Amino acid sequence: MSLQAPEFFAELSLPFHDSTAVGNTYYATPVAGAPLRLRIGFTGTIYADTYGGLRLAVIHADRGEIDAVALSFVDHGTFHRRDEAQRTSANTKRYGTFDTYHCPGQPPWEGAVTSGLRDAIEQYTAIWFPGAWTTSAPSRAPGRTAHKAPAPPTTRTR
């Protein structure tokens with residue numbers, strides 16, 4: 001069965017306009033006219049057709065792969081809610097992973113929370129592609145922030 005990779009990468013809401021998913025891999029040119037490209041693919045596990053994270057690579061047009069990093073789903077909490085709700089034990093094949101076997105009509109990565117992965121991708125790409133997120137980032141809904149409330153007036157008793 002298909003990984004539905006284009007939908008997974010769309011779920012990440014990466015801000016790179018010059019990008020495409022080919023098969024199970026995402027390719028982008030975060031900075032127009034630069035020789036560096038970004039490639040993101042799924043990392044396998046020791047189990048067939050089971051994926052445990054993403055591998056990001058910076059590719060130079062002439063020199064090939066320059067740098068790479070692996071982002072595990074476990075480290076970024078991608079399937080924490082799903083695994084907790086289903087009481088999936090940490091020492092099982094399904095914990096923090098997804099595989100190509102899934103219910104019809106649902107993506108294999110159903111239940112994924114991609115915000116941790118997206119933040120890690122943003123941090124990594126900020127090093128290799130400075131300004132790429134600030135110039136083309138989609139507007140994100142404002143998150144909850146703590147605001148300092150004014151202290152109540154003090155009253156003195158005599």
Side-chain angles (χ1 to χ4, degrees), residues 1-86 88-140 143:
M1 294 187 132
S2 167
L3 289 181
Q4 298 179 9
E7 292 85 353
F8 181 86
F9 294 121
E11 183 82 16
L12 287 171
S13 299
L14 301 176
F16 312 123
H17 298 293
D18 190 8
S19 64
T20 190
V22 178
N24 293 329
T25 308
Y26 174 87
Y27 297 93
T29 305
V31 178
L36 297 180
R37 310 287 186 263
L38 175 66
R39 179 179 65 206
I40 304 174
F42 295 99
T43 58
T45 66
I46 62 171
Y47 302 103
D49 301 322
T50 303
Y51 302 90
L54 298 177
R55 183 178 188 275
L56 283 62
V58 175
I59 311 296
H60 188 278
D62 296 326
R63 297 185 188 115
E65 188 173 296
I66 294 176
D67 190 57
V69 65
L71 305 175
S72 81
F73 294 145
V74 170
D75 290 345
H76 295 89
T78 308
F79 294 106
H80 178 74
R81 285 187 198 158
R82 178 203 70 188
D83 292 344
E84 193 173 72
Q86 295 177 355
T88 304
S89 177
N91 56 356
T92 62
K93 168 188 172 182
R94 181 111 170 107
Y95 183 78
T97 67
F98 75 89
D99 56 35
T100 55
Y101 310 104
H102 55 91
C103 297
Q106 293 181 338
W109 36 268
E110 181 70 26
V113 176
T114 59
S115 57
L117 284 174
R118 186 180 195 283
D119 292 344
I121 294 169
E122 181 177 5
Q123 288 175 354
Y124 180 76
T125 56
I127 295 167
W128 288 99
F129 308 101
W133 284 72
T134 56
T135 58
S136 60
S139 61
R140 292 171 77 177

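Remember, predicted model here, so these are calculated numbers, not experimental data.
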Can you tell if the side chain of [X] reaches within under 4.5 Å of the side chain of [Y], non-hydrogen atoms only?
X    : Y    : value
L56  : W128 : no
P107 : E7   : no
D67  : Y124 : yes
T97  : F79  : no
I121 : L71  : yes
I40  : L14  : yes
H76  : L54  : no

Exercise. Mark yes or no for whether R118, through its side chain, and L12, through its backbone, hold a donor-acceptor pair below 3.5 Å.
Key: yes
Quiz prompt | Matching residue for D83 among T78, T92, T88 - test: side-chain contact (heavy atoms from CB on, under 4.5 Å) | solution = T88
Quiz item: Which residue pairs satisfy the side-chain hydrogen bond (donor to acceptor under 3.5 Å, both in side chains) criterion with at least one member in residues 38-48, sequence neighbours excluded?
Solution: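 Residue pairs passing side-chain hydrogen bond (donor to acceptor under 3.5 Å, both in side chains), neighbours aside: R39-E65.
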Looking only at heavy atoms, which two atoms of [X] and [Y] are closest? And how far apart?
X   : Y    : value
R63 : H60  : N-ND1, 3.2 Å
F16 : A132 : CE2-CB, 3.9 Å
P6  : G23  : CD-O, 4.2 Å
E11 : T114 : O-OG1, 3.5 Å
L36 : I66  : CD2-CD1, 3.6 Å

Practice problem: Step through it carefully: locate the ring centre of F42, locate the ring centre of F98, and say whether they are under 6.0 Å apart. | Solution: yes
Inter-residue atom distance [X].[atom1] - [Y].[atom2], 0.5 Å rounding:
X    : Y    : atom1 : atom2 : answer
E122 : I127 : CD    : CD1   : 11.5 Å
F8   : L3   : CZ    : CG    : 10.0 Å
W109 : R82  : CH2   : CZ    : 12.5 Å
R37  : F129 : CZ    : CZ    : 8.5 Å

Quiz prompt | Results of ring-ring contact (aromatic ring centres under 6.0 Å, His included) for Y27 - residues two or more places apart only | solution =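 With sequence neighbours excluded, Y27 shows a ring-ring contact (aromatic ring centres under 6.0 Å, His included) to no residue whatsoever.
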Exercise. Fit a plane to each ring of Y26 and F9, take the angle between them on a 0 to 90° scale, and name the class: parallel (under 30°), tilted (30 to 60°) or perpendicular (over 60°).
Key: tilted
